[in-house]
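To keep things clear, I will list the structure first and then write my remarks on it.
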Amino acid sequence: MSKRRNSPVVGRRNFLKGATLVGAAALTPRAAQAQPLVVPLARAVPRPNLVAETMPPSRDPVTQTTGGGDFMVDVLKTLDLDYCAISPASMFRGVHEAIVNYGKNIKPELLTCTHEEIAVSMAQGYAKIEGKPMAVMTHGTVGLQHAAMALYNSFCDRVPIYLMVGNIIDADKRAPGGDWVHSAQDPASLVRDFVKWDDQPTSLQHFAESAVRAYKIATTPPMAPVMLSLDTELQENPIPDVESLRIPKLTKVAPPQGDSGAIVETAKLLAAAENPVLIVDRMVRTQAGMERLVELAETLQCPVVDMAGRMNFPSRHPLNHSFRHNAVVSQADVIVGIELNDYWGAVNLMDDRIVRKGRPIYKPGTKMVSIGVRDLFTKANYQEFQRYAEVDIAIGGDGEASLPALIEAVKRAVEPGRKSAYEARGKKLAAAKLKRVEQFKSDATIGWDASPVSMGRLCAELYAQIYQDDWSLVGNGIRSFWPHRLWNFDKAYRWNGASGGGGVGYNAPASLGAALANKKHGRLSVTINGDGDLMFTPGTLWTAAHHRIPILYVVHNNRAYHQEYMYLQTMANRRARGVENAHIGTTLTDPNIDFAALAKSLGVYGEGPITDPNELAPALKRALAMVRRGEPALIDVVTEPR
Ligand SMILES: Cc1ncc(C[n+]2csc(CCOP(=O)(O)OP(=O)(O)O)c2C)c(N)n1
Ligand SMILES: [Mg+2]
């Protein structure tokens with residue numbers, strides 16, 4: 001029963017076979033013993049049994065041979081879901097029990113989380129490394145409310161999450177108290193603004209169809225979370241009509257390619273441009289996508305600005321000009337933005353501290369093209385769609401899937417006579433890049449011996465100890481730019497982007513989800529975690545220990561919600577009131593948080609607080625030894641603010 005089903009017919013037969021087995025199991029000695037225990041006790045009591053009189057005995061309580069939850073598990077097993085992250089709750093007990101007993105806790109295997117936000121964020125980080133969704137199950141209403149922010153992050157980040165939420169639809173079946181406060185008429189209304197699709201099936205066949213449809217919708221670009229509300233009656237009751245059930249087959253949608261005419265037009269613009277620029281953000285899903293982007297850039301010898309929503313372009317490639325963003329955009333005559341989350345933001349500057357007013361970085365007359373799925377799906381309420389971007393050609397198609405056609409079209413459009421001009425352009429770019437890299441290396445030494453520890457030193461020391469491993473940076477809090485400046489990001493799994501919705505509390509659990517995905521590939525996962533973020537979701541560390549997920553947490557401990565501290569300083573400066581009070585409500589001191597002790601209390605190896613930079617390397621070595629052995633570890637480094 002635990003094998004993945006290839007055809008719906010086989011699926012149903014296996015299901016029937018399984019149902020029979022469950023029935024047989026119910027007649028094992030344990031079950032047989034259970035029956036007499038119930039019957040004589042009832043008979044032995046001569047007094048009126050009020051419970052028995054007011055409530056008819058539940059039908060066949062011991063030998064319920066089928067349960068809707070079993071069928072639901074059968075359906076889930078066809079969907080290639082390796083894990084299901086949960087904080088346990090009665091509203092999904094029918095499926096929970098079926099997963100661990102009937103489904104043998106395999107595909108999906110349950111991950112125990114200490115908060116629903118952790119469960120969803122783990123799924124977000126996991127999906128970006130593994131390329132497929134993780135299931136999450138939450139309690140009705142309250143569990144979903146906890147999950148909501150992480151769901152919003154995932155939605156903004158265009159990451160599929162397969163969310164199931166328990167609910168009791170029939171008011172007649174709700175016990176007083178908890179069942180009522182945790183049930184809703186329309187549970188998904190809470191999150192409908194930031195899930196792509198939701199449903200509340202009212203029969204098992206309805207569940208089967210909706211479950212397969214949900215997976216298909218979630219994994220079709222633009223990918224996003226989906227939600228199924230699981231009625232407890234469907235989960236818990238015997239299956240009335242086993243024979244009639246079937247599991248529809250899942251056929252994933254091939255990602256759409258951009259219109260061929262528009263692709264050719266774009267290729268001509270790129271080939272003819274003096275200074276073409278490619279800007280990419282959430283584009284690469286696979287290693288092949290990264291290699292194709294390299295091919296496109298090398299064909300044109302043009303700069304690539306990687307906005308790092310995913311790991312798109314090798315950091316040390318001479319054409320990676322992410323840290324010369326303004327320089328290359330201001331020179332561009334053609335800009336092609338691929339899967340940009342925020343096209344306007346990539347070509348304009350806006351200071352939100354003093355006067356909220358934007359200005360373009362690009363020259364007037366610069367031709368702009370967008371390729372991506374952003375334009376194919378928009379919701380109204382939450383404004384994550386960003387400012388309207390005025391482009392000359394807007395191509396609705398998946399970025400990675402559209403690259404082969406664009407590369408071919410560019411190769412055809414390149415005039416042989418211009419090849420030497422391209423080469424000269426490439427050489428100039430390579431020299432500028434080299435200069436920038438040298439600058440970064442020297443900048444990283446500023447404050448090398450300072451205490452609190454500088455972020456340049458922290459990231460240099462960390463890289464020195466992992467660069468020979470098959471490493472993966474699975475999180476980087478309120479992003480320090482040092483890793484992308486100094487490290488050699490050369491594979492699609494070296495980095496997995498940020499939160500999407502800017503919801504703090506993402507980094508710790510999303511890093512863990514990504515580390516879980518890396519585990520089976522034997523990769524070394526490391527994350528740089530803000531102290532503020534970690535305090536939103538500290539229970540993540542327990543899940544890391546419980547499920548033995550190897551990951552190194554380096555706490556970037558500036559003892560503050562430092563970003564907000566800076567905003568408060570700016571506000572006070574603007575009003576000429578001095579910054580003396582900017583620490584109020586923004587710092588995390590008095591008492592200082594002992595993250596090493598926190599880690600230890602949750603079963604994770606912990607060291608720190610490290611204030612002397614010379615203690616960093618030996619501490620990293622000890623912690624990484626734990627991680628290489630397959631355990632999580634944490635080191636708390638008291639750092640400069642950014
Ligand atoms: C859920 C949520 N609450 C509050 C914020 C506002 N916020 C943005 S950054 C930040 C500070 C996070 O602290 P930390 O992780 O330590 O990063 P630091 O700014 O200190 O580098 C806060 C509170 C947010 N983005 N999300
Ligand atoms: Mg902080």
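For ligands, and for the atoms within them, numbers begin at 1 and follow the listed sequence. Residue numbers start at 1 and run along the sequence shown.
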I'd like to know if the side chain of [X] pairs up with that of [Y] as donor and acceptor (distance under 3.5 Å, no hydrogens or angles considered).
{"X": "Asp533", "Y": "Asn529", "value": "yes"}
{"X": "Gln200", "Y": "Asn167", "value": "yes"}
{"X": "Ser472", "Y": "Asn518", "value": "yes"}

Considering only the protein, which heavy-atom contact is closest to [atom], and what is its distance?
{"atom": "atom 21 (O) of ligand 1", "answer": "Arg642 NH1, 3.1 Å"}
{"atom": "atom 12 (C) of ligand 1", "answer": "Tyr561 CD2, 3.9 Å"}
{"atom": "atom 19 (O) of ligand 1", "answer": "Gln563 N, 2.8 Å"}
{"atom": "atom 17 (O) of ligand 1", "answer": "Ile478 CG1, 3.2 Å"}
{"atom": "atom 2 (C) of ligand 1", "answer": "Val504 N, 3.7 Å"}
{"atom": "atom 18 (P) of ligand 1", "answer": "His562 N, 3.5 Å"}
{"atom": "atom 15 (O) of ligand 1", "answer": "Asp533 N, 3.0 Å"}
{"atom": "atom 14 (P) of ligand 1", "answer": "Gly532 N, 3.5 Å"}

Give a yes or no answer on whether the side chain of [X] reaches the backbone of [Y] with a donor-acceptor pair at less than 3.5 Å.
{"X": "Asp490", "Y": "Pro314", "answer": "no"}
{"X": "Thr543", "Y": "Thr112", "answer": "yes"}
{"X": "Glu117", "Y": "Thr537", "answer": "no"}
{"X": "Ser454", "Y": "Arg457", "answer": "yes"}

Review point. Which class fits the ring pair His562 and Tyr565: parallel under 30°, tilted 30 to 60°, perpendicular over 60°?
Key: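 It falls in the tilted class, 30° to 60°.
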Q.
Below 30° counts as parallel, above 60° as perpendicular, anything between as tilted: where do the rings of Phe92 and His96 land?
A.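 Aromatic pair Phe92/His96 classed parallel.
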Problem set entry | Check against side chain to side chain contact (heavy atoms under 4.5 Å, CB included), Asp198 and Val226 | CA-CA 6 Å; Asp198 68 86; Val226 289; over 6 Å; no
message = If the condition is side-chain contact (heavy atoms from CB on, under 4.5 Å), which residues does Asn312 pass it with, not counting sequence neighbours?
response =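 If we apply the side-chain contact (heavy atoms from CB on, under 4.5 Å) test to Asn312, skipping adjacent residues, the hits are Val280, Met283, Val284, Leu293, Asp306, Arg310.
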### Message
At less than 4.0 angstrom from any non-hydrogen atom of Gly530, what atoms of ligand 1 do you find?
### Response
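With Gly530 as reference, the close atoms of ligand 1 come out as 15 (O), 16 (O).
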Does even one non-hydrogen atom of Ala560 get within less than 4.0 Å of ligand 1?
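Under 4.0 Å: yes for Ala560.
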Quiz item: Is the shortest distance from a heavy atom of Gly502 to ligand 1 less than 4.0 Å?
Solution: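 Yes, Gly502 has heavy atoms under 4.0 Å from ligand 1.
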- Give me the one residue out of Phe489, Tyr493, Trp495 that meets ring pair (Phe, Tyr, Trp, His ring centres under 6.0 Å) with Trp471.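 Output: one option passes, namely Phe489.
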Can you list, by chain and residue number, the protein N, O or S atoms under 2.8 Å from the Mg ion (ligand 2)?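 For the Mg ion (ligand 2), the protein N, O and S atoms that sit under 2.8 Å away are Asp531 OD1, Asn558 OD1, Ala560 O.
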**Identity of the nearest option to atom 1 (C) of ligand 1, non-hydrogen atoms only, from Glu117, Met149, Glu564** =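 Looking at heavy atoms only, the winner is Met149.
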